[in-house]
Protein chains: 2
Amino acid sequence: MEKRTTKSGLPKELSVGDVARRSGVTVSTLHFYETKGLVSGYRNAGNQRRYPRSILRRVAVIRIAQRAGLSLSEIREALKTLPDGRPPTMRDWRRMSGTWRQALQDRIENLTKLRDQLDLCIGCGCLSLTDCPLRNPGDIKGKSPQII
Amino acid sequence: MEKRTTKSGLPKELSVGDVARRSGVTVSTLHFYETKGLVSGYRNAGNQRRYPRSILRRVAVIRIAQRAGLSLSEIREALKTLPDGRPPTMRDWRRMSGTWRQALQDRIENLTKLRDQLDLCIGCGCLSLTDCPLRNPGDIKGKSPQII
DNA sequence: CATTGACCTCAACCTTACATGAGGTTTTAT
DNA sequence: ATAAAACCTCATGTAAGGTTGAGGTCAATG
């Protein structure tokens with residue numbers, strides 16, 4: 001693939017293999033993403049997948065969101081609000097990445113809280129104490145552990 | 001269970017059900033942890049699991065380590081350095097939790113870096129740029145994505 | 001124009017971290 | 001003493017996020 005190019009020298013359409021090479025994910029991952037509704041493209045006369053160049057950005061966005069800790073289904077929902085074949089506008093991108101930034105921030109704060117509690121407990125040899133914050137974290141709901 | 005108690009009124013040995021109730025994990029999780037070598041106990045005459053009270057601390061430690069992002073096999077390895085039937089000493093606990101603290105800290109730093117990059121890219125409408133740090137993060141090794 | 005590499009689909013498999021249920025035994029409570 | 005609650009083992013299921021392989025087609029190249 002990557003033969004027909006635009007005047008800028010960039011290929012107009014991409015095969016799965018092209019996308020795999022350039023995005024850093026495998027072909028099977030692209031197939032998988034397609035079954036999960038995360039990416040889409042069209043087929044050529046021979047039933048092979050062809051993608052517009054915007055797929056590359058889309059895959060990059062998916063990977064970033066994964067790094068931020070989102071599940072593929074959350075990512076799919078977020079991507080639903082973006083145009084699929086066309087590159088997203090600045091506004092589109094800001095809205096989505098803003099939400100993701102917040103999710104990331106929440107995760108960071110949770111982990112930081114855990115780290116600080118761990119620091120306290122490393123100091124005090126804790127975990128034997130009935131009121132150790134680490135033993136009954138506020139973010140775990142349901143039947144809480146009894147006094148140990 | 002929880003009938004025979006010490007003079008302090010605390011039960012001397014615990015059944016799986018007791019441990020489940022008091023630690024906040026299910027019985028099947030305890031079975032599972034046993035198959036994975038994370039916890040152990042002994043059996044009574046009727047082949048039922050019995051645990052010393054120190055199991056409670058052990059399970060608490062496992063859950064904390066999970067929150068910090070460690071896998072069960074990593075946790076198992078770390079726990080190997082602790083006594084199983086006896087409560088760990090302060091030194092034991094400090095060594096282990098110190099390592100975990102570091103792992104946690106690394107995770108926090110990675111996520112923070114990602115967040116900051118995301119902030120930059122939210123501002124600039126990035127991801128179209130060939131040198132966007134989000135598109136080729138330093139922490140992903142191997143064949144890096146080509147210029148998009 | 002034949003070959004080889006790239007694609008196709010579909011099913012099965014993998015890892016992590018458990019949950020569920022069947023069929024049978026042991027404890028506990030009345 | 002008996003019923004109910006709790007346990008036991010072992011097999012199977014679940015969910016996420018893919019990977020692998022078989023069997024067959026398509027396309028780029030000498």
Side-chain angles (χ1 to χ4, degrees), chain A residues 1-5 11-51 55 59 61-79 140 142-143, chain B residues 1-5 11-51 55 59 61-79 140 142-143:
Chain A
M1 272 299 284
E2 289 206 19
K3 277 237 323 243
R4 276 190 301 280
T5 59
K12 215 175 58 191
E13 54 175 19
L14 301 169
S15 68
V16 253
D18 295 336
V19 176
R21 264 186 303 285
R22 302 180 83 142
S23 67
V25 305
T26 68
V27 169
S28 78
T29 297
L30 290 168
H31 287 179
F32 179 68
Y33 284 176
E34 189 178 310
T35 71
K36 294 295 174 180
L38 285 158
V39 300
S40 67
Y42 44 98
R43 301 298 180 107
N44 72 1
N47 193 35
Q48 297 196 350
R49 288 167 179 86
R50 290 298 180 265
Y51 302 97
I55 184 84
V59 172
V61 168
I62 292 170
R63 305 252 94 184
I64 290 164
Q66 278 192 304
R67 286 213 288 149
L70 285 88
S71 70
L72 290 184
S73 61
E74 289 171 317
I75 298 170
R76 183 189 51 230
E77 293 314 302
L79 288 175
I140 290 181
K143 52 190 170 185
Chain B
M1 272 296 284
E2 290 207 19
K3 277 242 317 253
R4 277 190 300 281
T5 60
K12 216 176 58 193
E13 53 175 19
L14 301 169
S15 68
V16 254
D18 294 335
V19 176
R21 263 187 303 284
R22 302 180 82 143
S23 67
V25 305
T26 67
V27 169
S28 80
T29 296
L30 290 168
H31 288 179
F32 178 68
Y33 284 176
E34 188 178 311
T35 71
K36 293 296 176 181
L38 285 159
V39 299
S40 66
Y42 44 99
R43 301 295 179 110
N44 72 0
N47 193 36
Q48 297 195 351
R49 289 168 179 85
R50 289 299 180 264
Y51 302 98
I55 184 82
V59 172
V61 168
I62 292 170
R63 304 254 93 184
I64 290 163
Q66 278 191 304
R67 285 214 287 149
L70 285 87
S71 70
L72 290 184
S73 61
E74 290 171 317
I75 298 171
R76 183 188 53 231
E77 293 314 301
L79 288 176
I140 290 182
K143 50 187 174 184

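Residue numbers begin at 1 in each chain, while the letters A, B, ... track the order of the sequences.
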Quick check on [N]: is either OP1 or OP2 less than 4.0 Å from any side-chain nitrogen or oxygen of [X]?
{"X": "S28(A)", "N": "dT20(D)", "value": "no"}
{"X": "S15(A)", "N": "dC7(C)", "value": "yes"}
{"X": "R43(B)", "N": "dT9(D)", "value": "yes"}
{"X": "Y33(A)", "N": "dG17(D)", "value": "no"}
{"X": "R76(B)", "N": "dT16(C)", "value": "no"}
{"X": "H31(B)", "N": "dC18(C)", "value": "no"}

Spacing between [X] atom [atom1] and [N] atom [atom2], to the nearest angstrom:
{"X": "L30(A)", "N": "dG18(D)", "atom1": "CG", "atom2": "P", "result": "10 Å"}
{"X": "K36(B)", "N": "dC18(C)", "atom1": "NZ", "atom2": "P", "result": "11 Å"}
{"X": "L14(B)", "N": "dT27(C)", "atom1": "CG", "atom2": "C1'", "result": "16 Å"}
{"X": "L70(A)", "N": "dG17(D)", "atom1": "CG", "atom2": "C1'", "result": "15 Å"}
{"X": "E34(B)", "N": "dA19(C)", "atom1": "CD", "atom2": "P", "result": "15 Å"}
{"X": "Y51(B)", "N": "dA6(D)", "atom1": "OH", "atom2": "C1'", "result": "13 Å"}
{"X": "I62(B)", "N": "dA17(C)", "atom1": "CD1", "atom2": "C1'", "result": "13 Å"}
{"X": "I75(A)", "N": "dG17(D)", "atom1": "CD1", "atom2": "C1'", "result": "11 Å"}

In the structure I gave you, are the side-chain heavy atoms of [X] and [Y] within less than 4.5 Å of one another anywhere?
{"X": "L72(B)", "Y": "I62(B)", "answer": "yes"}
{"X": "E34(B)", "Y": "S40(B)", "answer": "no"}
{"X": "H31(A)", "Y": "V16(A)", "answer": "yes"}
{"X": "V59(B)", "Y": "T29(B)", "answer": "no"}

[X], nearest nucleotide to its side chain (from [options]):
{"X": "F32(A)", "options": "dT19(D), dT9(D), dT9(C)", "answer": "dT19(D)"}
{"X": "N44(A)", "options": "dA27(D), dC8(C), dG17(D)", "answer": "dA27(D)"}
{"X": "Q48(A)", "options": "dA6(C), dC8(D), dT19(D)", "answer": "dA6(C)"}

How is T29(B) classified with respect to the nucleic acid when contacts are heavy atoms under 4.0 Å: base, sugar-phosphate, or nothing? sugar-phosphate

Considering every strand and a 4.0 Å limit on heavy-atom distances, what is the contact class for R63(A): base, sugar-phosphate, or nothing? sugar-phosphate

Would you mind telling me which residue lines up with the more 5' stretch of DNA chain D, R49(B) or L72(A), judged by nearest nucleotide? R49(B)

Side-chain donor or acceptor of R76(B) paired with backbone N/O of K36(B) under 3.5 Å: yes

